[in-house]
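Structure, as structure tokens:
In what follows, chains carry the letters A, B, and so on, assigned in the order in which the sequence lines appear, proteins first and then strands, with residues in each chain numbered from 1.
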2 protein chains.
Amino acid sequence: MRNTRKFSAPEPSMRRLPAYLHVLMRLLKENCLFVSCTFIAQEMHLDPTQVRKDLALTGIVGKPRVGYSVVELIEKIKAFLGWDIQWNAFLVGVGNLGTAILGYRQFRTFGLNIVAAFDKDPRRIGKKVFGVNVFSVEKVSLFAREQKIDIGIITVGEEAAQEVADLLVEGLIKGIWNFAPKALVVPPDVIVENAQLSVSLGVLTSKMKLSEKEGNIFR
Amino acid sequence: MRNTRKFSAPEPSMRRLPAYLHVLMRLLKENCLFVSCTFIAQEMHLDPTQVRKDLALTGIVGKPRVGYSVVELIEKIKAFLGWDIQWNAFLVGVGNLGTAILGYRQFRTFGLNIVAAFDKDPRRIGKKVFGVNVFSVEKVSLFAREQKIDIGIITVGEEAAQEVADLLVEGLIKGIWNFAPKALVVPPDVIVENAQLSVSLGVLTSKMKLSEKEGNIFR
DNA sequence: TAGATTGTTAATCGATTAACAATC
DNA sequence: TAGATTGTTAATCGATTAACAATC
């Protein structure tokens, strides 16, 4: 069963690209002009063929015996990830996590431009958080339409998440970055990316518990 | 090529379990005693067989024609994810993200007990953040050993991440929750879970860019 | 040239989905 | 009983890994 339209790029590959970018940025700093798959694979403890296939997704062409141009590869990966253009975003829910995201300057370098923030708490409305104005959540749809916002970032609680998603959809946004632990229902042309920290924590604690059990066999 | 010891549970399944838990908690509130895979699958837009296989991982046994006991299923999933026991944790790097994590009370319900925080900035050391004391990062290894800490949470910048990981390993921690965009090198018995927000953002913007291109064909 | 590395095709592996018998 | 649902085995699909020819 499929929740949305299927796009062509394999997600596991997509998720590895940002890490390649980090290695490449370091190489760029060290004035390294060319890099081979083998090198990147070693750095990241991956299979070289896998790296080559991942990079091929971006349309890069390498030179046998030489490798890929570091500068070109950085450009291609950024373009593939959509980090070469600006995305205008609204953030809804100025709690701890919302505030942290507003304060995380790094996102600017990925083209994420958080234009405004929204909250339902009157104590937060009218304030500025890391230079971003906080408005009443009621206004989110109207403002989003007026300002042609691309991305809605949901950092509200589970209860309000669907409601906020509906407002964002009404505001004609094209993508939702959802931090609330809730499976959102949206039209098929709206892209949802879930980023629940608890999922990641669950993977960690689950593996730790398993390893304790397995480990005990040998001790 | 493998970076660490392989554990038996399939990661995709593991990543779906927290979402099942959310549906189940809601059902519990509604005093619903039994639930079928079909129902959960519909709620989450997944294949029922997939849900059944995922749930089977936890060791739950259902009743044909009835389904699974909601209460029992919640317990089993929590136990499988390691959310039935307490994990003592240290957090290193009290920036925006670190602060947000310290303030996110929800994690307590997953058994995550953040005992202390660490930073290298003298202005932060000695302060309390959401009730958690901030110490100098130098002390992390010693304190971790003394207090038998299980998990180290890394919320420092890319540059310092490996250094902090080394200190945590010296402190005999068993798992690292790494928010820094850096592939950490640790001994094979230490479990690392990477939680880079930029990866998730990349998936979103990449899909949005692809969908724009594809979409334009039809417009 | 020789040899390292790319690009691509084939083989393997693992996860998802389909089919169906067992059960209450 | 009839039928919905579980549990499990088989088929399909997709991603990873291996093999190798092409290239500079």
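A pairwise comparison of heavy atoms in A:Met14 and B:Ser206 identifies SD-OG, 3.6 Å as the closest pair. Of all the heavy atoms in A:Ala117 and A:Val132, the pair that sits closest is N-CG1, 3.6 Å.
Atoms NE2 (B:His45) and C1' (C:dT16) sit 18 Å apart, rounded to a whole Å. Taking atom CE of residue A:Met44 and atom P of nucleotide D:dT16, one finds them 12 Å apart after rounding to whole Å. Whole-Å rounding puts the B:Lys53 NZ to D:dG7 C1' distance at 10 Å. For the pair A:Gln50 CD and C:dG14 C1', the interatomic distance rounds to 13 Å; values are reported in whole Å. Atom CG in A:Asp47 sits roughly 11 Å away from atom P in D:dA19 (whole-Å rounding). Computed from coordinates, the B:Asp54 CG to D:dT8 C1' distance equals 15 Å when rounded to whole Å. Following rounding to the nearest Å, A:Glu11 (CD) and C:dG14 (P) show an atom-to-atom distance of 21 Å. The nearest whole Å value for the distance from the CE atom in B:Met14 to the P atom in C:dT16 is 13 Å.
Annotation for B:Gln147: atom CD counts as buried by contact number, over 12 foreign heavy atoms lying within 6.0 Å. Summarising the local packing, CD of B:Glu158 is surrounded by more than 12 heavy atoms from other residues, nucleotides or ligands at distances under 6.0 Å.
The pair B:Asp84-B:Lys78 does not meet the salt-bridge criterion, since no charged nitrogen lies less than 4.0 angstrom from a carboxylate oxygen. A salt bridge is absent between B:Lys174 and B:Asp189: the closest approach of a Lys/Arg side-chain nitrogen to an acidic carboxylate oxygen does not fall below 4.0 angstrom. Salt-bridge formation is detected for the pair B:Arg15/B:Glu193: a Lys NZ or Arg NE/NH1/NH2 atom is positioned less than 4.0 Å from an Asp or Glu carboxylate oxygen.
Side-chain contact of A:Thr205 with B:Trp87: a donor-acceptor pair under 3.5 Å is absent, judged by distance alone. No hydrogens or angles considered: a donor-acceptor pair under 3.5 Å links the side chains of A:Asp166 and A:Gln162.
Ring geometry for A:Phe110 against A:Phe107 counts as tilted: the plane angle lies between 30° and 60°, on a 0 to 90° scale.
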Show the distances under 3.5 angstrom between N or O atoms of the protein and N or O atoms of nucleotides 11-13 of chain C.
none

Find every protein N or O atom lying less than 3.5 Å from an N or O atom of nucleotides 4-6 of chain C, and list the pairs.
{"from": "C:dT5", "atom 1": "O4'", "to": "A:Arg65", "atom 2": "N", "distance (Å)": "3.2"}
{"from": "C:dT6", "atom 1": "OP1", "to": "A:Cys37", "atom 2": "N", "distance (Å)": "3.0"}

Pair pattern of DNA chain C in dot-bracket, where unpaired bases get dots and | marks partners in another strand, Watson-Crick or G-U under 3.5 angstrom
..||||||||||||||||||||||

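Side-chain atoms of A:Phe34 and A:Val70, non-hydrogen and from C-beta on, never get closer than 4.5 Å to each other.
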